[in-house]
Amino acid sequence: MIRFQTLGAIELRRDDTALATILAQPKRLALLAYLACARPAGFRSRDTILALFWPESDTERARNSLRQALHHLRRGMGEDAITTRGEREVGIDPAIVICDASRFDAAIDGGQLEEALALYQGDFLAGLHVHDAPDAERWLDDERLRRRRLAVEGARQLAEAAASSGDAEGGVRWARRALAIDPTDEGAVRRLVELLADAGDVTGALDVYADHVKRLAADFGLKPSLELTRLVQSIGERPVATTAEIVALAPGGSRGAPEGDQSGAGGAVTAALPVSVAPVAPVAPAAPAAPAAARALPAALLHGVPGRRRWARAALGLAVLVVAILGIRWAMRDRAERTGTTPSIAV
(Lines give C-alpha, C1' and ligand atoms only; values in the text may rest on other atoms or scores of the structure.)
Protein backbone atom coordinates (compact mmCIF):
# COMPACT_ATOMS: atom_id res chain seq x y z
CA MET A 1 0.00 0.00 0.00
CA ILE A 2 1.20 3.49 -0.89
CA ARG A 3 0.24 6.55 1.15
CA PHE A 4 0.13 9.85 -0.68
CA GLN A 5 -0.05 12.86 1.66
CA THR A 6 -0.95 16.09 -0.09
CA LEU A 7 -2.49 18.21 2.70
CA GLY A 8 0.31 20.04 4.45
CA ALA A 9 3.69 18.30 4.14
CA ILE A 10 3.96 16.33 0.89
CA GLU A 11 4.89 12.69 1.33
CA LEU A 12 4.73 9.57 -0.83
CA ARG A 13 5.58 6.32 0.94
CA ARG A 14 5.35 2.63 0.33
CA ASP A 15 5.22 1.26 3.87
CA ASP A 16 8.17 3.06 5.52
CA THR A 17 10.06 3.86 2.31
CA ALA A 18 9.85 7.35 0.78
CA LEU A 19 9.47 7.40 -3.01
CA ALA A 20 11.84 10.31 -3.43
CA THR A 21 12.32 10.09 -7.21
CA ILE A 22 8.67 10.95 -7.85
CA LEU A 23 8.63 13.77 -5.31
CA ALA A 24 11.69 15.32 -6.96
CA GLN A 25 9.91 15.95 -10.29
CA PRO A 26 7.11 18.57 -9.95
CA LYS A 27 5.18 17.72 -13.10
CA ARG A 28 5.10 13.98 -12.38
CA LEU A 29 4.03 14.71 -8.82
CA ALA A 30 1.26 17.01 -10.06
CA LEU A 31 0.17 14.36 -12.59
CA LEU A 32 -0.02 11.75 -9.84
CA ALA A 33 -2.12 14.11 -7.71
CA TYR A 34 -4.43 14.79 -10.65
CA LEU A 35 -4.98 11.08 -11.22
CA ALA A 36 -5.38 10.37 -7.49
CA CYS A 37 -7.70 13.10 -6.29
CA ALA A 38 -9.20 15.19 -9.08
CA ARG A 39 -12.99 15.30 -8.97
CA PRO A 40 -15.03 13.47 -9.99
CA ALA A 41 -12.99 10.40 -9.10
CA GLY A 42 -12.23 7.89 -11.82
CA PHE A 43 -10.36 7.60 -15.10
CA ARG A 44 -9.01 10.61 -16.98
CA SER A 45 -8.94 11.15 -20.70
CA ARG A 46 -5.42 11.17 -22.16
CA ASP A 47 -6.35 14.15 -24.32
CA THR A 48 -7.44 16.12 -21.22
CA ILE A 49 -4.17 15.27 -19.50
CA LEU A 50 -2.15 16.34 -22.54
CA ALA A 51 -3.93 19.70 -22.75
CA LEU A 52 -3.48 20.27 -19.03
CA PHE A 53 0.20 19.36 -18.61
CA TRP A 54 1.80 19.79 -22.06
CA PRO A 55 -0.18 22.61 -23.69
CA GLU A 56 2.74 23.99 -25.72
CA SER A 57 3.85 20.69 -27.23
CA ASP A 58 2.56 19.22 -30.49
CA THR A 59 0.41 16.12 -30.17
CA GLU A 60 3.16 13.56 -30.76
CA ARG A 61 5.64 15.13 -28.35
CA ALA A 62 2.93 15.57 -25.71
CA ARG A 63 1.91 11.88 -26.01
CA ASN A 64 5.52 10.80 -25.68
CA SER A 65 5.96 12.99 -22.58
CA LEU A 66 2.86 11.43 -21.01
CA ARG A 67 4.09 7.90 -21.72
CA GLN A 68 7.43 8.68 -20.07
CA ALA A 69 5.75 10.22 -17.02
CA LEU A 70 3.47 7.19 -16.58
CA HIS A 71 6.45 4.87 -17.01
CA HIS A 72 8.32 6.63 -14.19
CA LEU A 73 5.26 6.52 -11.94
CA ARG A 74 4.83 2.78 -12.52
CA ARG A 75 8.50 2.12 -11.94
CA GLY A 76 8.42 4.03 -8.66
CA MET A 77 5.09 2.79 -7.28
CA GLY A 78 4.57 -0.54 -9.06
CA GLU A 79 2.86 -1.55 -12.28
CA ASP A 80 -0.53 -2.03 -10.63
CA ALA A 81 -0.68 1.47 -9.18
CA ILE A 82 -1.41 3.09 -12.58
CA THR A 83 -4.36 1.60 -14.46
CA THR A 84 -5.83 2.14 -17.92
CA ARG A 85 -9.21 1.68 -19.57
CA GLY A 86 -8.66 1.08 -23.21
CA GLU A 87 -6.20 3.26 -25.07
CA ARG A 88 -7.71 6.59 -24.19
CA GLU A 89 -8.11 6.69 -20.41
CA VAL A 90 -5.70 6.56 -17.47
CA GLY A 91 -6.40 6.19 -13.76
CA ILE A 92 -5.02 5.10 -10.44
CA ASP A 93 -5.98 2.15 -8.27
CA PRO A 94 -7.40 3.64 -5.02
CA ALA A 95 -6.88 0.32 -3.24
CA ILE A 96 -3.12 0.65 -3.78
CA VAL A 97 -2.63 4.43 -3.56
CA ILE A 98 -4.37 6.00 -0.54
CA CYS A 99 -4.57 9.78 -0.94
CA ASP A 100 -5.45 11.99 2.03
CA ALA A 101 -7.10 14.61 -0.20
CA SER A 102 -9.53 12.02 -1.55
CA ARG A 103 -10.31 10.85 1.97
CA PHE A 104 -10.82 14.47 3.05
CA ASP A 105 -13.31 15.05 0.19
CA ALA A 106 -15.19 11.87 1.07
CA ALA A 107 -15.39 12.83 4.75
CA ILE A 108 -16.73 16.29 3.89
CA ASP A 109 -19.29 14.80 1.51
CA GLY A 110 -20.39 12.38 4.23
CA GLY A 111 -20.69 15.07 6.91
CA GLN A 112 -17.84 13.56 8.95
CA LEU A 113 -16.37 16.93 9.77
CA GLU A 114 -14.08 15.95 12.63
CA GLU A 115 -12.51 13.20 10.50
CA ALA A 116 -12.06 15.67 7.64
CA LEU A 117 -10.40 18.23 9.93
CA ALA A 118 -8.08 15.55 11.30
CA LEU A 119 -6.92 14.88 7.73
CA TYR A 120 -6.52 18.55 6.83
CA GLN A 121 -3.00 19.44 7.95
CA GLY A 122 -2.43 22.32 5.54
CA ASP A 123 -2.91 23.51 1.97
CA PHE A 124 -3.18 21.02 -0.85
CA LEU A 125 0.29 20.39 -2.35
CA ALA A 126 1.63 23.53 -0.69
CA GLY A 127 4.55 25.03 -2.57
CA LEU A 128 4.16 22.84 -5.67
CA HIS A 129 4.18 24.70 -9.01
CA VAL A 130 4.12 23.62 -12.64
CA HIS A 131 5.49 26.69 -14.35
CA ASP A 132 5.25 25.56 -17.98
CA ALA A 133 1.63 24.38 -17.68
CA PRO A 134 -0.65 27.31 -16.74
CA ASP A 135 -3.84 25.23 -16.75
CA ALA A 136 -2.28 22.66 -14.43
CA GLU A 137 -1.09 25.52 -12.21
CA ARG A 138 -4.63 26.92 -12.17
CA TRP A 139 -6.02 23.51 -11.26
CA LEU A 140 -3.62 23.32 -8.30
CA ASP A 141 -4.64 26.80 -7.11
CA ASP A 142 -8.35 26.00 -7.42
CA GLU A 143 -7.98 22.74 -5.49
CA ARG A 144 -6.03 24.48 -2.74
CA LEU A 145 -8.67 27.17 -2.37
CA ARG A 146 -11.59 24.73 -2.55
CA ARG A 147 -10.28 22.44 0.17
CA ARG A 148 -9.19 25.35 2.36
CA ARG A 149 -12.70 26.80 2.21
CA LEU A 150 -14.24 23.41 2.95
CA ALA A 151 -11.95 23.01 5.97
CA VAL A 152 -12.79 26.49 7.31
CA GLU A 153 -16.50 25.88 6.83
CA GLY A 154 -16.26 22.48 8.51
CA ALA A 155 -14.48 23.98 11.53
CA ARG A 156 -17.06 26.78 11.64
CA GLN A 157 -19.92 24.30 11.69
CA LEU A 158 -18.27 22.35 14.49
CA ALA A 159 -17.79 25.58 16.45
CA GLU A 160 -21.44 26.53 16.02
CA ALA A 161 -22.61 23.07 17.05
CA ALA A 162 -20.45 23.14 20.19
CA ALA A 163 -21.55 26.66 21.13
CA SER A 164 -25.23 25.81 20.59
CA SER A 165 -24.93 22.82 22.90
CA GLY A 166 -23.41 24.96 25.66
CA ASP A 167 -19.83 23.75 25.10
CA ALA A 168 -18.06 27.12 25.15
CA GLU A 169 -14.61 25.55 25.29
CA GLY A 170 -15.33 23.37 22.26
CA GLY A 171 -16.79 26.29 20.35
CA VAL A 172 -13.68 28.39 20.95
CA ARG A 173 -11.38 25.48 20.06
CA TRP A 174 -13.02 24.86 16.68
CA ALA A 175 -13.25 28.60 15.97
CA ARG A 176 -9.50 28.85 16.58
CA ARG A 177 -8.99 25.94 14.19
CA ALA A 178 -10.99 27.73 11.48
CA LEU A 179 -8.84 30.85 11.88
CA ALA A 180 -5.62 28.79 11.90
CA ILE A 181 -6.58 27.24 8.55
CA ASP A 182 -7.12 30.65 6.96
CA PRO A 183 -5.80 33.57 9.06
CA THR A 184 -7.07 36.07 6.45
CA ASP A 185 -10.73 35.00 6.77
CA GLU A 186 -12.40 37.89 8.58
CA GLY A 187 -15.53 35.82 9.14
CA ALA A 188 -13.42 33.36 11.15
CA VAL A 189 -11.86 36.26 13.09
CA ARG A 190 -15.26 37.75 13.87
CA ARG A 191 -16.77 34.45 15.07
CA LEU A 192 -13.80 33.67 17.31
CA VAL A 193 -13.96 37.17 18.81
CA GLU A 194 -17.70 36.72 19.46
CA LEU A 195 -17.30 33.32 21.09
CA LEU A 196 -14.44 34.50 23.31
CA ALA A 197 -16.39 37.60 24.34
CA ASP A 198 -19.53 35.57 25.01
CA ALA A 199 -17.45 33.29 27.25
CA GLY A 200 -16.12 36.34 29.13
CA ASP A 201 -12.55 36.16 27.78
CA VAL A 202 -12.39 39.81 26.76
CA THR A 203 -8.58 39.80 26.77
CA GLY A 204 -8.46 36.83 24.41
CA ALA A 205 -11.00 38.42 22.07
CA LEU A 206 -9.01 41.66 21.89
CA ASP A 207 -5.77 39.71 21.32
CA VAL A 208 -7.34 37.98 18.32
CA TYR A 209 -8.50 41.33 16.95
CA ALA A 210 -5.09 42.96 17.50
CA ASP A 211 -3.32 40.10 15.68
CA HIS A 212 -5.76 40.45 12.79
CA VAL A 213 -5.15 44.21 12.56
CA LYS A 214 -1.38 43.66 12.44
CA ARG A 215 -1.66 40.93 9.79
CA LEU A 216 -3.92 43.03 7.55
CA ALA A 217 -1.59 46.01 7.78
CA ALA A 218 1.61 44.01 7.25
CA ASP A 219 0.40 41.69 4.46
CA PHE A 220 -2.13 43.79 2.57
CA GLY A 221 -1.92 47.38 3.85
CA LEU A 222 -5.59 47.18 4.84
CA LYS A 223 -7.71 47.93 7.89
CA PRO A 224 -10.40 45.70 9.42
CA SER A 225 -13.99 46.17 8.36
CA LEU A 226 -16.28 48.59 10.15
CA GLU A 227 -18.47 45.68 11.25
CA LEU A 228 -15.57 43.96 13.02
CA THR A 229 -14.35 47.22 14.57
CA ARG A 230 -17.80 47.98 15.99
CA LEU A 231 -18.03 44.47 17.38
CA VAL A 232 -14.73 44.90 19.21
CA GLN A 233 -15.77 48.31 20.53
CA SER A 234 -18.88 46.74 22.04
CA ILE A 235 -16.88 44.09 23.87
CA GLY A 236 -16.03 46.50 26.69
CA GLU A 237 -19.68 46.28 27.79
CA ARG A 238 -19.66 42.50 28.17
CA PRO A 239 -19.00 40.51 31.36
CA VAL A 240 -15.45 39.38 32.01
CA ALA A 241 -14.60 35.79 32.92
CA THR A 242 -12.44 34.69 35.81
CA THR A 243 -8.84 33.66 35.26
CA ALA A 244 -9.73 29.99 35.80
CA GLU A 245 -12.43 30.15 33.11
CA ILE A 246 -10.06 31.80 30.64
CA VAL A 247 -7.44 29.11 31.26
CA ALA A 248 -9.98 26.50 30.15
CA LEU A 249 -10.71 28.42 26.93
CA ALA A 250 -7.09 29.18 25.98
CA PRO A 251 -5.26 27.09 23.33
CA GLY A 252 -3.75 24.03 24.95
CA GLY A 253 -5.82 24.58 28.09
CA SER A 254 -3.32 26.89 29.81
CA ARG A 255 -2.97 30.64 29.92
CA GLY A 256 -1.21 32.71 32.51
CA ALA A 257 -3.03 35.33 34.49
CA PRO A 258 -2.75 38.82 33.03
CA GLU A 259 0.07 40.93 34.41
CA GLY A 260 -0.99 42.82 37.48
CA ASP A 261 -3.84 40.44 38.36
CA GLN A 262 -3.77 40.14 42.14
CA SER A 263 -7.10 38.37 42.47
CA GLY A 264 -5.83 34.79 42.31
CA ALA A 265 -7.16 31.92 40.21
CA GLY A 266 -10.77 32.88 40.77
CA GLY A 267 -10.43 36.65 40.46
CA ALA A 268 -11.92 38.76 37.72
CA VAL A 269 -9.71 39.66 34.78
CA THR A 270 -9.58 43.23 33.49
CA ALA A 271 -8.65 43.81 29.84
CA ALA A 272 -7.24 46.97 28.28
CA LEU A 273 -8.50 47.99 24.85
CA PRO A 274 -5.83 48.19 22.11
CA VAL A 275 -4.95 51.69 20.99
CA SER A 276 -6.64 51.11 17.62
CA VAL A 277 -10.03 50.60 19.28
CA ALA A 278 -11.85 53.60 20.73
CA PRO A 279 -13.18 52.74 24.19
CA VAL A 280 -16.90 52.95 24.71
CA ALA A 281 -17.88 56.05 26.72
CA PRO A 282 -19.25 55.15 30.16
CA VAL A 283 -22.95 55.79 30.69
CA ALA A 284 -23.80 58.08 33.64
CA PRO A 285 -26.01 56.38 36.23
CA ALA A 286 -29.64 57.43 36.08
CA ALA A 287 -30.94 59.70 38.85
CA PRO A 288 -33.06 57.84 41.43
CA ALA A 289 -36.75 58.04 40.73
CA ALA A 290 -38.83 60.25 43.00
CA PRO A 291 -41.36 58.55 45.27
CA ALA A 292 -44.76 57.98 43.71
CA ALA A 293 -46.49 60.44 46.02
CA ALA A 294 -44.02 63.22 45.16
CA ARG A 295 -44.43 62.57 41.43
CA ALA A 296 -48.20 62.71 41.80
CA LEU A 297 -48.28 66.02 43.76
CA PRO A 298 -47.46 68.46 40.92
CA ALA A 299 -50.06 66.85 38.68
CA ALA A 300 -52.63 67.12 41.45
CA LEU A 301 -51.90 70.82 41.88
CA LEU A 302 -52.16 71.45 38.13
CA HIS A 303 -55.37 69.54 37.53
CA GLY A 304 -57.12 70.44 40.77
CA VAL A 305 -58.22 68.59 43.87
CA PRO A 306 -61.30 69.12 46.05
CA GLY A 307 -60.84 72.09 48.42
CA ARG A 308 -57.81 73.54 46.65
CA ARG A 309 -58.99 77.13 47.10
CA ARG A 310 -59.59 76.61 50.84
CA TRP A 311 -56.08 75.18 51.18
CA ALA A 312 -54.58 78.15 49.34
CA ARG A 313 -56.42 80.72 51.51
CA ALA A 314 -55.31 78.95 54.71
CA ALA A 315 -51.70 78.88 53.54
CA LEU A 316 -51.79 82.58 52.65
CA GLY A 317 -53.24 83.49 56.07
CA LEU A 318 -50.56 81.46 57.84
CA ALA A 319 -47.81 83.20 55.83
CA VAL A 320 -49.22 86.66 56.77
CA LEU A 321 -49.32 85.67 60.44
CA VAL A 322 -45.68 84.45 60.37
CA VAL A 323 -44.53 87.70 58.74
CA ALA A 324 -46.40 89.74 61.33
CA ILE A 325 -44.87 87.86 64.25
CA LEU A 326 -41.37 88.24 62.78
CA GLY A 327 -41.99 91.98 62.35
CA ILE A 328 -43.11 92.37 66.00
CA ARG A 329 -40.05 90.43 67.20
CA TRP A 330 -37.73 92.66 65.19
CA ALA A 331 -39.37 95.82 66.56
CA MET A 332 -39.17 94.62 70.19
CA ARG A 333 -35.51 93.56 69.78
CA ASP A 334 -34.67 96.99 68.39
CA ARG A 335 -36.38 98.74 71.32
CA ALA A 336 -34.69 96.45 73.87
CA GLU A 337 -31.29 97.28 72.41
CA ARG A 338 -32.02 100.98 72.90
CA THR A 339 -33.41 100.64 76.45
CA GLY A 340 -31.26 97.74 77.67
CA THR A 341 -34.31 95.53 78.56
CA THR A 342 -34.95 91.88 77.55
CA PRO A 343 -37.74 91.39 74.99
CA SER A 344 -40.41 88.73 75.42
CA ILE A 345 -43.45 87.77 73.38
CA ALA A 346 -45.88 84.89 73.56
CA VAL A 347 -47.26 83.43 70.40
Side-chain angles (χ1 to χ4, degrees), residues 1-57 59 61-85 88-108 116 118-151 181:
M1 182 180 294
I2 296 170
R3 296 193 177 277
F4 186 21
Q5 181 174 324
T6 63
L7 300 173
I10 303 173
E11 291 187 358
L12 184 65
R13 291 181 173 274
R14 182 193 291 115
D15 299 327
D16 294 331
T17 304
L19 305 179
T21 56
I22 296 174
L23 295 178
Q25 218 291 332
K27 185 170 289 190
R28 291 173 194 163
L29 179 59
L31 173 59
L32 174 60
Y34 180 72
L35 295 175
C37 56
R39 290 169 67 91
F43 288 92
R44 304 290 165 204
S45 164
R46 286 179 181 265
D47 290 341
T48 300
I49 295 172
L50 295 178
L52 194 63
F53 287 93
W54 292 277
E56 302 299 329
S57 300
T59 302
R61 289 182 61 187
R63 288 183 182 277
N64 183 58
S65 296
L66 175 58
R67 282 194 297 269
Q68 290 183 11
L70 294 175
H71 170 71
H72 283 286
L73 291 177
R74 286 191 176 102
R75 188 172 66 181
M77 298 189 301
E79 290 291 330
D80 295 337
I82 305 297
T83 60
T84 59
R85 187 165 65 183
R88 301 180 61 85
E89 293 180 310
V90 182
I92 203 164
D93 188 342
I96 296 176
V97 181
I98 309 299
C99 180
D100 61 345
S102 295
R103 293 174 61 200
F104 169 84
D105 291 340
I108 289 290
L119 289 165
Y120 193 89
Q121 298 300 312
D123 277 344
F124 176 69
L125 294 175
L128 179 65
H129 299 282
V130 187
H131 299 291
D132 59 346
D135 287 343
E137 185 81 8
R138 190 175 302 111
W139 174 78
L140 286 170
D141 288 339
D142 291 345
E143 291 297 287
R144 287 186 189 111
L145 181 59
R146 180 178 70 83
R147 290 190 174 92
R148 186 189 307 145
R149 287 176 173 172
L150 287 172
I181 292 170

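Being a predicted model, the structure only gives us computed values, none of them experimental.
- For D141, the salt bridge (charged side-chain N to carboxylate O under 4.0 Å, His left out) criterion is met by R144, not counting sequence neighbours.
- Remark: T84 OG1 to I92 CD1 distance equals 13.0 Å, nearest 0.5 Å.
- Shown here are the side chain to side chain donor-acceptor pair (under 3.5 Å) partners of E89, two or more places apart in sequence or in another chain: R85.
- Going from atom CD of Q68 over to atom CG of N64 covers 4.5 Å, rounded to the nearest 0.5 Å.
- With rounding to the nearest 0.5 angstrom, the CG atom of L52 is 11.0 Å from the OG atom of S45.
- With sequence neighbours left out, E79 forms a salt bridge (charged side-chain N to carboxylate O under 4.0 Å, His left out) with R74.
- At least one donor-acceptor pair under 3.5 Å links the side chain of R14 to the backbone N or O of M77.
- Judged as a side chain to side chain contact (heavy atoms under 4.5 Å, CB included), and not counting sequence neighbours, the contacts of L150 are F104, I108, R146.
- Separating the OG atom in S65 from the CG atom in L31 is a distance of 11.0 Å, to the nearest 0.5 Å.
- Across all non-hydrogen atoms, the minimal contact from P26 to V130 is O-CG2, 4.5 Å.
- For residues 32-52, the set of pairs meeting the salt bridge (Lys or Arg N to Asp or Glu O under 4.0 Å) definition, not counting sequence neighbours, comprises R39-D105, R39-D109, D47-R63, D47-R88.
- Taking 4.5 Å as the limit, some side-chain heavy atom of L35 sits within range of a side-chain heavy atom of L70.
- A62 and L50 get closest at one heavy-atom pair: O-CD2, 3.3 Å.
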Output a table of donor-acceptor pairs, distance under 3.5 Å, between side-chain atoms of residues 3-13 and any protein atom two or more places apart or on a different chain; print 'none' if there are none.
residue, atom, partner, partner atom, Å
Q5, NE2, A9, O, 3.0
T6, OG1, D100, OD1, 2.8
R13, NH1, D16, O, 3.0

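- Here the CZ atom belonging to R147 is positioned 9.0 Å from the OH atom belonging to Y120, to the nearest 0.5 angstrom.
- When the side chain to side chain contact (heavy atoms under 4.5 Å, CB included) test is applied to D80, the partners found at least two apart in sequence or on another chain are I96.
- The side chain to side chain donor-acceptor pair (under 3.5 Å) test applied to E137 returns H129, not counting sequence neighbours.
- Residues passing the salt bridge (charged side-chain N to carboxylate O under 4.0 Å, His left out) test with R149: none are found, sequence neighbours excluded.
- Annotation: salt bridge (Lys or Arg N to Asp or Glu O under 4.0 Å) contacts involving residues 17-31, sequence neighbours excluded, comprise K27-D132.
- Judged as a salt bridge (charged side-chain N to carboxylate O under 4.0 Å, His left out), and not counting sequence neighbours, R75 has no contacts.
- Judged as a side chain to side chain donor-acceptor pair (under 3.5 Å), and not counting sequence neighbours, the contacts of R138 are D135.
- Residue A69 comes nearest to W54 through the heavy atom pair CB-CH2, 4.2 Å, listed as atom of the first residue, atom of the second, then distance.
- Between Y34 and T48, some side-chain heavy-atom pair lies under the 4.5 Å cut-off.
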Assess whether side chain to side chain contact (heavy atoms under 4.5 Å, CB included) is satisfied between R148 and F124, documenting all intermediate values. CA-CA 8 Å; R148 186 189 307 145; F124 176 69; over 6 Å; no

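- Expressed to the nearest 0.5 Å, how far CG of D93 lies from CD1 of I98 amounts to 8.5 Å.
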Working for side chain to side chain contact (heavy atoms under 4.5 Å, CB included), residues L32 and I2: CA-CA 12 Å; L32 174 60; I2 296 170; over 6 Å; no

